[in-house]
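All remarks here apply to the structure that follows.
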Amino acid sequence: MTADALLDPLFLDVADPAIRDLRTLREDLAVAPTPLQPLDRLRDKLGGGPRLWVKRDDLTGLALGGNKTRKLEYLLADARQHRADVIVTVGAGQSNHARQTAAAAAKAGLECVLVLRVPADATPEYRGSGNVLLDRALGAQVVLVEETADDAHPEIAAADAVVAQLRQDGLRPYLIPTGGSTPVGALGYLESYAELADSGRTFDEIVFANGSGGTHAGLLAARELLPGAGRPRIHGVAVSPEVDALTDTVEWISREVLGFFGREPAESPWLDAAHIGPGYGVLTEGGTEAIQLFARTEGILLDPVYTGKAAAALIAGVRSGAYSDDEDVLFLHTGGAPALFAHAPALTEAFSS
């Protein structure tokens, strides 16, 4: 049964027409289904353990891919319903979401403004390479605002000011929060989960990076809506210290998504906070090792901010015996490789040692 065959009947039962119509109106952005591949060489390198798999949502096809493309299909459909002509979003300087938003807006023929926060001591590579370079190549207007001791998220107020100015100029901006993590955006992860259901395989656990909560919430909702895919543990790996707030966000979004379909959550989300390290975007030893292991056993590139830390959690679980040998564990690759270039000096040193 295809993803369409699984999801179309669900959406037909949605009471709110604005939500019900989003699936048929969603912007055509993603190359899907994304590949599902075994990680046999990685498993061998780790000395055995559970059967390991990867869902390649880094290959969604839009401007080097990533999980945000799935969310943006729904968010841009919603933006068109609101007759928007400018997309505004926020994030960290090396935001993968911002890059994919810039690409989605370009493909949709919409203007795009990205309001991105950077640490005051950010390197030239962080400010201008990696995703920031691609943002500019895609034609987005990039507004960089510096973090301060008093305001760790100056991009929020700055984006509100941008939206106010655009409206004053007679435009119709559509503001997308960090990571596209809204109930509408999370619908994109019903799509990815439906592809897993269509694969005919079931998994005992899905491991992935959680930066803003939308992917996690979408997977939790999808597990309730698509029971034919089994009931895997949903293992979100936090990449920033705001774990309590992030847990609340996941719970809220998953409840809202399930509410669209007349359902309620069966359990509260759990976030793994053991692999954050010193902070968001700061390299960790486990994350750097994971990048090397995936690259050198499977030819798969991870990033130091998100997927490297999530993969570190997976590897730690295998090494500690957290999984039995007869389990199937899926790593959901959410993309992010362009950020490797923004961290080139530190990674070059680590890879050479």
Side-chain angles (χ1 to χ4, degrees), residues 39 42-43 45-47 49-50 52-55 57-58 66-67 91-92 94-97 119 152 178-179 181 203-217 219-220 232-251 268-298 300-323 327 329-340 342-343 346-347 349-351 353:
L39 296 172
L42 176 63
R43 180 175 183 259
K45 183 70 174 179
L46 295 174
L52 300 178
W53 300 82
V54 61
K55 174 71 167 164
D57 273 15
D58 57 319
N67 63 323
Q94 286 296 325
S95 167
N96 299 301
H97 161 69
T178 302
S181 290
F203 298 95
D204 297 284
E205 183 165 298
I206 302 174
V207 183
F208 57 96
N210 187 335
S212 56
T215 296
H216 194 156
L219 291 172
L220 284 173
R233 299 180 295 272
I234 306 298
H235 183 168
V237 181
V239 299
S240 61
E242 299 91 354
V243 175
D244 289 344
L246 185 56
T247 302
D248 290 344
T249 297
V250 174
E251 188 152 26
S268 296
W270 171 74
L271 268 73
D272 180 351
H275 301 274
I276 297 167
Y280 173 82
V282 181
L283 273 64
T284 63
E285 183 176 340
T288 302
E289 183 202 16
I291 292 170
Q292 291 176 295
L293 280 173
F294 268 70
R296 296 174 184 183
T297 61
E298 303 289 352
I300 294 173
L301 295 176
L302 307 180
D303 79 284
V305 181
Y306 297 98
T307 54
K309 293 182 179 182
L314 172 67
I315 291 165
V318 173
R319 286 174 170 163
S320 70
Y323 309 112
E327 287 190 296
V329 179
L330 177 69
F331 181 72
L332 175 60
H333 192 332
T334 52
L340 287 166
H343 295 271
L347 288 172
E349 182 178 352
F351 295 162
S353 61

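Along the sequence shown, residues carry numbers from 1. Just so you know, these numbers come straight off a predicted model, no measurement behind them.
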So how far is it from [X] [atom1] to [Y] [atom2], rounded to the nearest 0.5 Å?
{"X": "R43", "Y": "T297", "atom1": "CZ", "atom2": "OG1", "answer": "13.0 Å"}
{"X": "L52", "Y": "L330", "atom1": "CG", "atom2": "CG", "answer": "9.5 Å"}
{"X": "S320", "Y": "I315", "atom1": "OG", "atom2": "CD1", "answer": "12.0 Å"}
{"X": "E242", "Y": "L271", "atom1": "CD", "atom2": "CG", "answer": "11.5 Å"}
{"X": "K45", "Y": "R296", "atom1": "NZ", "atom2": "CZ", "answer": "9.5 Å"}
{"X": "L39", "Y": "L293", "atom1": "CG", "atom2": "CG", "answer": "11.5 Å"}

Kindly indicate whether the side chain of [X], heavy atoms from C-beta on, has any atom under 4.5 Å from the side chain of [Y].
{"X": "H97", "Y": "T178", "answer": "no"}
{"X": "F331", "Y": "E205", "answer": "no"}
{"X": "V329", "Y": "I206", "answer": "no"}
{"X": "L347", "Y": "P304", "answer": "yes"}
{"X": "V305", "Y": "Y280", "answer": "yes"}
{"X": "P50", "Y": "D204", "answer": "no"}
{"X": "T288", "Y": "F351", "answer": "yes"}
{"X": "F294", "Y": "L314", "answer": "yes"}

(request) Any chance you could lay out the side-chain contact (heavy atoms from CB on, under 4.5 Å) test for V250 and N210, step after step, and finish with the verdict? (result) CA-CA 9 Å; V250 174; N210 187 335; 3.6 Å; yes
Polar side-chain atom of [X] near backbone of [Y] as donor-acceptor pair, under 3.5 Å:
{"X": "H333", "Y": "L301", "value": "yes"}
{"X": "K309", "Y": "I276", "value": "yes"}
{"X": "R319", "Y": "L46", "value": "no"}
{"X": "S181", "Y": "G214", "value": "yes"}
{"X": "E298", "Y": "L42", "value": "yes"}

Please name the pair of heavy atoms, one in [X] and one in [Y], separated by the smallest distance, quoted to 0.1 Å.
{"X": "A209", "Y": "V239", "result": "CB-CG1, 4.2 Å"}
{"X": "V243", "Y": "A238", "result": "CG2-CB, 4.0 Å"}
{"X": "P269", "Y": "L220", "result": "CB-CD1, 3.6 Å"}
{"X": "D272", "Y": "A313", "result": "OD2-CB, 3.8 Å"}
{"X": "L302", "Y": "A311", "result": "CD1-CB, 3.5 Å"}
{"X": "P241", "Y": "G279", "result": "CG-CA, 4.4 Å"}

(message) Testing T215, D57, T334 one by one against N67 for a side chain to side chain donor-acceptor pair (under 3.5 Å), which residue passes?
(response)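 Answer to the side chain to side chain donor-acceptor pair (under 3.5 Å) test with N67 among T215, D57, T334: T215.
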(request) Considering only NZ, NE, NH1 and NH2 on the basic side and carboxylate oxygens on the acidic side, decide whether R233 and E327 come within less than 4.0 Å. (result)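 Between E327 and R233 there is a salt bridge, with a charged N closer than 4.0 Å to a carboxylate O.
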(request) Using the side-chain contact (heavy atoms from CB on, under 4.5 Å) rule, take H275 and T284 through it: C-alpha gap first, then chi angles, then the decisive distance, then the call. (result) CA-CA 8 Å; H275 301 274; T284 63; over 6 Å; no
(message) Would you say the ring centers of H235 and F208 fall short of 6.0 Å from each other?
(response) no
